[in-house]
**Student:** 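Before anything else, here's the structure in question.
Sequence positions, counted from 1, serve as the residue numbers for this chain. Nothing here was measured: the structure is a model prediction, and the numbers come from that model. FYI, side chains are in, hydrogens and waters are out, and symmetry mates aren't considered; it's all heavy atoms of this structure.
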Amino acid sequence: MMETETPAWGADVQLGTEAAPAQVLPMLSHGGNQRVLDDWIQRQDRYEVVSGDPDALPEADIDVVVLDEPSLREHRTEIRERKADADAILPVLLVSSDTTGDAWTQTETQPAVSELFDEVLKTPIETAELRSRLDTLVRTRAQSIALKQNSDQLLLLNRITRHDIRNDMSVIIGWTEQIAAHTDDAGDEIRQRVLDSSQHVVDLTKAVREFVDTLQTAGDPELEAVELGPVATAELTKRREAFDDAEFVVAGGEIPQVHVRANNLLASVFRNVLNNAVQHNDSATPRVEIAVEARSDTVVVTVADNGPGIPPDRRDAVLGRTKQGLDHPAAGLGLYLVDTLVAQYGGTLQIRDADLGGAAIEIELPNAPAEAGELRDR
């Protein structure tokens, strides 16, 4: 797949100006319209003509493509691929006598061609309308490029921050463990609190990374049949190591062999739910019970604890489902991430009262019997 580069302009330079002319690729089958378009663009300071050779379409630095109906039909595959590969919106202007686009509705023989153009310029071409259409499309592309640049900068900042936090927390955890031989019972209790809080910070950096991964997923995520048992068991083992003062119990002694529709972030669902059950637990000995029930079409996972519970009027807020989202004081990044992932998997999440006295997180995921070649070895 081809990768396109986003222009690196200064903050005071904008696409479609004399300092950064927009690159226009005209590909009109009508020779007269092509000449009109070429002549007009060449007289502008804000636009430059890119070679109209169709071979330039896959590789050339382009900001706007201008085609007529025959050219669009002929090059629809290349246009579709170029728009899909672009890291910012690549607008297409269609020159046509049909300004409504009714002639381009989807049919069995011509699927989704209407999705390939963004504006229609009626013929015969009038320069005032041409300028208006190009200005609109160039502004759209400039905004898309700016959004992409800001997103890249935020992602880089996120990676750097998480890296530095993890390194610093590793130092804190290491030194805290070293002082065990120099503290009494009261000091050991304080030392354990420091270790628990440090581990919580490390877990938060993982949740942030995985949350960013979900935001970067374009459209629906690619799901497959994933065996639930190994994923849940691996996370239970890690939680037992991280919280040696807590009890983790599996109902029935083992997790049944079931498969769900998910992806490689399924482990994050278990990690964050199990972490939440311990980290917000005020019992002397936190107890967490996990139960897995296989139904005809779904698999229900319930994680219950003996903590303080979550009142019904706060449950939507905890999951970030209110208008305030994560800005609500009760919202938690971990459970918000879990709720987001479960929704992407086509499942549901509910918070209920647990028989243990605390909260029960009930997750229902679509059942996905593994087929040959479909199951991913985890």
Side-chain angles (χ1 to χ4, degrees), residues 1-2 4 6-7 14-17 20-148 218-219:
M1 177 179 292
M2 184 191 114
T4 57
T6 303
Q14 184 176 355
L15 178 65
T17 62
Q23 306 298 304
V24 181
L25 174 62
M27 296 174 56
L28 303 179
S29 61
H30 189 285
N33 287 336
Q34 179 79 8
R35 286 191 296 273
V36 170
L37 186 60
D38 285 345
D39 291 345
W40 182 85
I41 294 177
Q42 289 172 359
R43 296 195 302 270
Q44 310 304 310
D45 294 329
R46 300 163 57 185
Y47 301 102
E48 288 183 353
V49 175
V50 179
S51 169
D53 186 346
D55 292 338
L57 183 58
E59 301 292 343
D61 182 11
I62 305 169
D63 294 308
V64 181
V65 180
V66 184
L67 311 96
D68 53 16
E69 296 176 11
S71 295
L72 182 57
R73 293 189 188 279
E74 180 181 356
H75 301 289
R76 60 182 180 271
T77 300
E78 295 95 321
I79 291 292
R80 183 177 288 108
E81 291 176 352
R82 181 66 192 261
K83 288 174 75 76
D85 291 344
D87 55 7
I89 293 173
L90 178 62
V92 173
L93 175 62
L94 175 67
V95 177
S96 173
S97 58
D98 176 27
T99 58
T100 64
D102 290 341
W104 294 83
T105 54
Q106 181 172 335
T107 66
E108 291 183 1
T109 58
Q110 192 64 62
V113 175
S114 60
E115 298 177 359
L116 299 182
F117 59 87
D118 305 277
E119 288 274 357
V120 180
L121 175 67
K122 67 180 180 180
T123 56
I125 297 176
E126 296 181 1
T127 56
E129 186 179 2
L130 172 60
R131 179 186 295 277
S132 175
R133 295 288 188 270
L134 284 178
D135 286 351
T136 298
L137 294 177
V138 169
R139 280 197 301 271
T140 299
R141 177 160 172 80
Q143 292 168 356
S144 176
I145 290 173
L147 182 62
K148 179 63 168 60

**Student:** Got a second to check how far T127's OG1 is from L37's CG, nearest 0.5 Å?
**Tutor:**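 Nearest 0.5 Å value for the OG1-CG distance: 11.5 Å.
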
**Student:** Sequence neighbours left out, what passes side-chain contact (heavy atoms from CB on, under 4.5 Å) with I62? Give chain and number order.
**Tutor:**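 Counting only residues at least two positions away or on another chain, I62 forms a side-chain contact (heavy atoms from CB on, under 4.5 Å) with L25, L57, A60, V65, R82, L90.
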
**Student:** Under a 3.5 Å distance rule, please check whether T140 uses its side chain to pair with a backbone N or O of T136 as donor and acceptor.
**Tutor:**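 Flag set: sc T140 to bb T136 pair under 3.5 Å.
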
**Student:** Kindly write out the residues that satisfy salt bridge (charged side-chain N to carboxylate O under 4.0 Å, His left out) with D135, not counting sequence neighbours, or none if the list is empty.
**Tutor:**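 For D135, the residues satisfying salt bridge (charged side-chain N to carboxylate O under 4.0 Å, His left out) (neighbours in sequence not counted) are R46.
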
**Student:** Walk me through whether V138 and Y47 qualify under side-chain contact (heavy atoms from CB on, under 4.5 Å).
**Tutor:** CA-CA 10 Å; V138 169; Y47 301 102; 3.6 Å; yes

**Student:** Can you tell me how far apart CD (E69) and CG (L28) are? Round to the nearest 0.5 Å.
**Tutor:**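 If we round to the nearest 0.5 Å, E69:CD and L28:CG are 11.5 Å apart.
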
**Student:** Can you find a heavy atom in the side chain of V92 that is under 4.5 Å from one in the side chain of L116?
**Tutor:**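 In short, these two side chains do not touch, never coming nearer than 4.5 Å.
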
**Student:** Could you tell me which non-hydrogen atom of A22 sits nearest to which non-hydrogen atom of L15, and how far apart they are?
**Tutor:**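 Scanning both residues completely, I find the closest heavy atoms to be CA-CD1, 3.9 Å.
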
**Student:** I'd like to know if the side chain of S71 and the backbone of M27 have a donor-acceptor N/O pair within less than 3.5 Å.
**Tutor:**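 Yes, S71 side chain to M27 backbone: donor-acceptor pair under 3.5 Å.
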
**Student:** Which atom pair, heavy atoms only, marks the closest approach of D63 to P91?
**Tutor:**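 That would be O-CD, 3.1 Å.
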
**Student:** Among all residues two or more places apart in sequence or in another chain, which pass the side-chain hydrogen bond (donor to acceptor under 3.5 Å, both in side chains) test with R131?
**Tutor:**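 Partners of R131 under the side-chain hydrogen bond (donor to acceptor under 3.5 Å, both in side chains) test: Q44.
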
**Student:** Which residues pass the side-chain contact (heavy atoms from CB on, under 4.5 Å) test with R133, not counting sequence neighbours?
**Tutor:**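 side-chain contact (heavy atoms from CB on, under 4.5 Å) list for R133, sorted by chain: L93, E119, L121, E129.
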
**Student:** Does any N or O in the side chain of R141 come within less than 3.5 Å of the main-chain N or O of L137, such that one atom is a donor and the other an acceptor?
**Tutor:**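 A pair under 3.5 Å: no.
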
**Student:** Using the side-chain hydrogen bond (donor to acceptor under 3.5 Å, both in side chains) criterion, which residues pair with E81? Sequence neighbours excluded.
**Tutor:**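 side-chain hydrogen bond (donor to acceptor under 3.5 Å, both in side chains) check on E81 returns nothing, list empty.
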
**Student:** Rounded to the nearest 0.5 Å, what's the gap from CG on L67 to CZ on R73? Could you check?
**Tutor:**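 Between atom CG of L67 and atom CZ of R73 there are 12.5 Å.
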
**Student:** Check the pair D61 / V50 against side-chain contact (heavy atoms from CB on, under 4.5 Å), numbers first and verdict last.
**Tutor:** CA-CA 8 Å; D61 182 11; V50 179; over 6 Å; no

**Student:** Going by the rule side-chain hydrogen bond (donor to acceptor under 3.5 Å, both in side chains), which residues pair with D118 if we only count those two or more places apart in sequence or in a different chain?
**Tutor:**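 Partners of D118 under the side-chain hydrogen bond (donor to acceptor under 3.5 Å, both in side chains) test: K83.
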
